[in-house]
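Values in this document were obtained by computation on a predicted structure and should not be read as measured data. Per chain, numbering begins at 1; letters A, B, ... match sequence-line order. Side-chain atoms are counted along with the backbone in the values below, which use heavy atoms only and exclude waters and symmetry mates.
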Amino acid sequence: MDILLQTPCGHNFCLKCFQKWVALKKFTCVKCCRAIPRKMANNPRINDSLVAAIRLARVSKSAAPRGNAKVYHFISNQNRPDQAFTTERAKRTGKANAASGKIYVTIPPDHFGPIPAENDPIRNQGVLVGEFWADRLDCRQWGAHFLHVAGIAGQADYGAQSVTLSGGYADDEDHGEWFLYTGSGGRDLSGNKRTNKVQSYDQTFTKSNEALRHSCKMGYPVRVVRSHKEKRSAYAPGEKGVRYDGVYRIEKCWRKVGIQGKYKVCRYLFVRCDNEPAPWTSDEHGDPPSDLPNIPELKKATDLFERKDTETPSWGFDESEGRWKWMKAPPASRKSVEALDPEERRSIKRAIKAAQNNSVRDKLLKGFSCPICREVMNAPVTTPCGHNFCKGCLEGKFAGVAHVRDRSRGGRTLRSQKNVMKCPCCPTDISEFLQNPQLITISSSSVNTEVMSVIEALKEKVEEPAPEEEGGESSGNTSEENMEFEGGSMESEEEESQMVGSEDEPPTKKMKLDAEQGAATASV
DNA sequence: GGGCCCGCAGGG
DNA sequence: CCCTGCGGGCCC
């Protein structure tokens with residue numbers, strides 16, 4: 001089931017069930033009959049904390065695969081600094097005008113499909129579903145989507161490798177396991193604009209739109225990243241950042257008149273086909289093949305294109321193995337790999353390690369800390385606006401604050417006025433939520449039990465004697481359930497032997513490092 | 001929160 | 001070389 005959403009009364013629902021319920025004009029919780037906030041009913045969003053919890057549990061369960069790293073070619077990549085930088089030429093500093101940092105993975109820009117462990121020599125784990133970056137430049141460095149602004153990565157005569165869902169096109173329609181995507185173009189970008197919401201001519205199947213159609217025809221896997229900027233989708237990350245959600249296949253494409261009513265847009269039906277479960281589901285498995293969804297707008301479609309039944313898609317489901325794989329050889333890359341040399345790899349690895357804080361406690365703090373006490377959440381509660389706090393902290397914050405303000409001034413009594421109580425993290429008024437009797441009386445049902453159980457499980461690990469960070473080999477897998485985190489203890493390797501020495505010497509372009517920006521944490 | 005503007009990276 | 005593009009920071 002999809003564990004996705006939590007009502008203010010503390011009950012979790014699968015998004016699809018929630019949507020069905022709300023569609024029946026029922027605006028009260030099935031379990032306790034309390035009111036469902038209007039905003040949540042109209043625009044439900046997945047609960048990032050739950051997503052983070054699911055992912056953390058998943059990643060910690062499966063030790064990252066460790067293969068032998070292979071590096072293929074060396075190009076100018078090593079001249080780039082580790083992080084985004086602004087060049088001498090740029091008049092303004094900051095990431096808005098930044099150039100990309102090094103590419104960490106050893107795939108060419110026209111690589112199709114998931115990014116496997118052997119192309120991730122720094123961490124040896126590949127790019128995992130649910131991986132999260134602060135912005136598009138960081139995302140690019142891990143190869144999930146190479147373009148900084150454009151949404152479609154691809155070449156007209158060759159295919160599209162990845163797309164991003166960022167809310168740039170009103171016609172997009174996201175259902176998680178499948179979505180309808182809109183082509184690019186048809187807009188007036190004169191006057192040095194990068195984007196423009198208004199369509200002013202028809203889109204055509206050329207350039208990147210044709211690249212998508214080519215991927216459809218061949219049945220290639222297309223990597224998909226979702227951005228927080230997609231506000232209408234229930235499946236997009238909530239607060240900030242960009243998330244890798246796995247590969248999808250384009251099953252059909254067509255054109256139709258866009259939502260703006262005048263001009264045609266290109267349309268694509270994407271269906272998920274990844275061996276890893278989607279970030280928002282608690283399922284243990286990836287996507288089994290399923291029937292295509294019914295698309296009402298196809299009635300009005302023109303230029304419909306579907307992959308022929310006779311032609312086996314390049315990326316397909318192997319029934320005997322029970323997983324998706326290349327049924328035909330993936331297209332040979334026409335570009336070279338931008339790889340790092342081994343020394344740089346080591347220095348980046350060190351930096352990533354340092355930034356990641358590998359201890360379980362640090363992971364916990366990072367993913368599940370309470371914004372008020374800065375400690376790992378104790379009895380987490382989720383506000384209607386999606387922020388998480390210790391139950392105690394939230395109560396404490398508003399302790400002694402009256403819910404209503406008495407307005408009587410001397411003479412006659414006026415009706416008392418409601419006090420606005422702002423969420424400590426955003427301007428939302430949560431006074432109604434705070435009045436929820438289940439929150440006031442100590443009752444576990446208002447606590448986010450899903451998140452709490454993950455935290456409890458992880459906390460137990462902390463109690464265990466922590467395996468020495470580098471004290472020779474992992475060895476001490478005393479309990480086989482031992483939670484192993486990415487890049488965790490079993491590193492050994494030469495690492496420390498040559499500490500300093502390889503400060504990346506300034507590249508040809510002078511740069512002002514902006515950004516330290518700290519590794520993206522799951523927004524809580 | 002909306003509009004503006006910028007530099008970059010990729011395609012052709 | 002020029003054109004295009006579902007960013008990101010800042011100003012209002």
Margin query: Determine whether A:Glu297 and A:Lys300 satisfy the following criterion, salt bridge (charged side-chain N to carboxylate O under 4.0 Å, His left out), listing intermediate values before the conclusion.
Written below: CA-CA 6 Å; A:Glu297 72 171 62; A:Lys300 291 173 282 177; over 6 Å; no
Note to self: Angle between ring planes, A:Phe270 versus A:Tyr181, binned at 30° and 60°: parallel, tilted or perpendicular?
What the structure shows: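 A:Phe270 and A:Tyr181: perpendicular rings.
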Check: Reckon A:Ala156 touches a base, only the sugar-phosphate, or nothing at all at heavy-atom distances under 4.0 Å?
Finding: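 Answer is sugar-phosphate: A:Ala156 comes under 4.0 Å of backbone atoms only.
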Note to self: Within the 4.0 Å heavy-atom criterion, would you say A:Gly154 contacts the bases, only the backbone, or no part of the nucleic acid?
What the structure shows: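 Here A:Gly154 touches the backbone only, sparing every base.
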Check: A:Ser100 or A:Lys207: which one's nearest nucleotide on DNA chain B is closer to the 5' end?
Finding: A:Ser100
Check: What's the closest nucleotide to the A:Leu147 side chain, out of B:dG10, C:dT4, B:dA9?
Finding: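 Per side-chain heavy atoms of A:Leu147, the pick is B:dG10.
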Next item on the list: Could you work out which one of C:dC6, B:dG11, B:dG12 sits closest to the side chain of A:Arg136?
Entry: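 Nearest to the side chain of A:Arg136 among the choices is C:dC6.
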Item checked: Aromatic centroids of A:Tyr220 and A:Tyr158 separated by under 6.0 Å -> no
Just the atom pairs and distances: protein N or O near nucleotides 5-7 of chain B's N or O, under 3.5 Å.
from, atom 1, to, atom 2, distance (Å)
B:dC6, OP2, A:Asn192, ND2, 2.8
B:dC6, O2, A:Asn97, OD1, 3.2
B:dG7, O4', A:Asn97, OD1, 3.4
B:dG7, N7, A:Arg194, NH2, 2.8
B:dG7, O6, A:Arg194, NE, 2.1
B:dG7, N2, A:His148, NE2, 3.0

Mind calculating the distance between [atom1] ([X]) and [atom2] ([N]) to the nearest angstrom?
| X | N | atom1 | atom2 | value |
| --- | --- | --- | --- | --- |
| A:Asp188 | B:dG3 | CG | C1' | 16 Å |
| A:Glu210 | B:dG12 | CD | C1' | 14 Å |
| A:Gln141 | B:dA9 | CD | P | 11 Å |
| A:Glu230 | C:dG8 | CD | C1' | 18 Å |
| A:Tyr181 | C:dC6 | OH | P | 7 Å |
| A:Ile152 | C:dG7 | CD1 | P | 12 Å |
| A:Gln155 | C:dG5 | CD | C1' | 15 Å |
| A:Lys102 | B:dA9 | NZ | P | 15 Å |

Short side-chain N/O contact from [X] to OP1 or OP2 of [N], under 4.0 Å:
| X | N | answer |
| --- | --- | --- |
| A:Lys229 | C:dG7 | yes |
| A:Ser184 | C:dC6 | no |
| A:Lys197 | C:dG5 | no |
| A:Arg187 | C:dC3 | no |

With sequence neighbours excluded, residues passing side chain to side chain donor-acceptor pair (under 3.5 Å) with [X]:
| X | value |
| --- | --- |
| A:Lys256 | A:Asp171 |
| A:Asp287 | A:Arg272 |
| A:Thr206 | A:Thr204 |

Note to self: Less than 4.5 Å apart, side chain to side chain, heavy atoms only: is that true for A:Val105 and A:Trp142?
What the structure shows: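 When only atoms from C-beta onward are counted, A:Trp142 and A:Val105 do touch, with a gap below 4.5 Å.
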Margin query: Taking ring-ring contact (aromatic ring centres under 6.0 Å, His included) as the cut-off, I'd like each qualifying pair that reaches into residues 245-267 of chain A, sequence neighbours left out, listed once.
Written below: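 Those involving residues 245-267 of chain A are A:Phe179-A:Tyr248.
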Next item on the list: Convert the base pairs of DNA chain B into dot-bracket notation, remembering that pairs crossing earlier ones are written with [ ] and that bases paired across to another strand are shown as |; include only Watson-Crick or G-U pairs under 3.5 Å.
Entry: ||||||.|||||
Checklist line | Distance-only polar pair, side chains of A:Asn196 and A:Arg194, donor-acceptor under 3.5 Å | finding: no
Check: If you measure from the Lys or Arg side-chain nitrogens to the Asp or Glu carboxylate oxygens, is any gap between A:Arg346 and A:Glu343 under 4.0 Å?
Finding: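 Salt bridge absent between A:Arg346 and A:Glu343.
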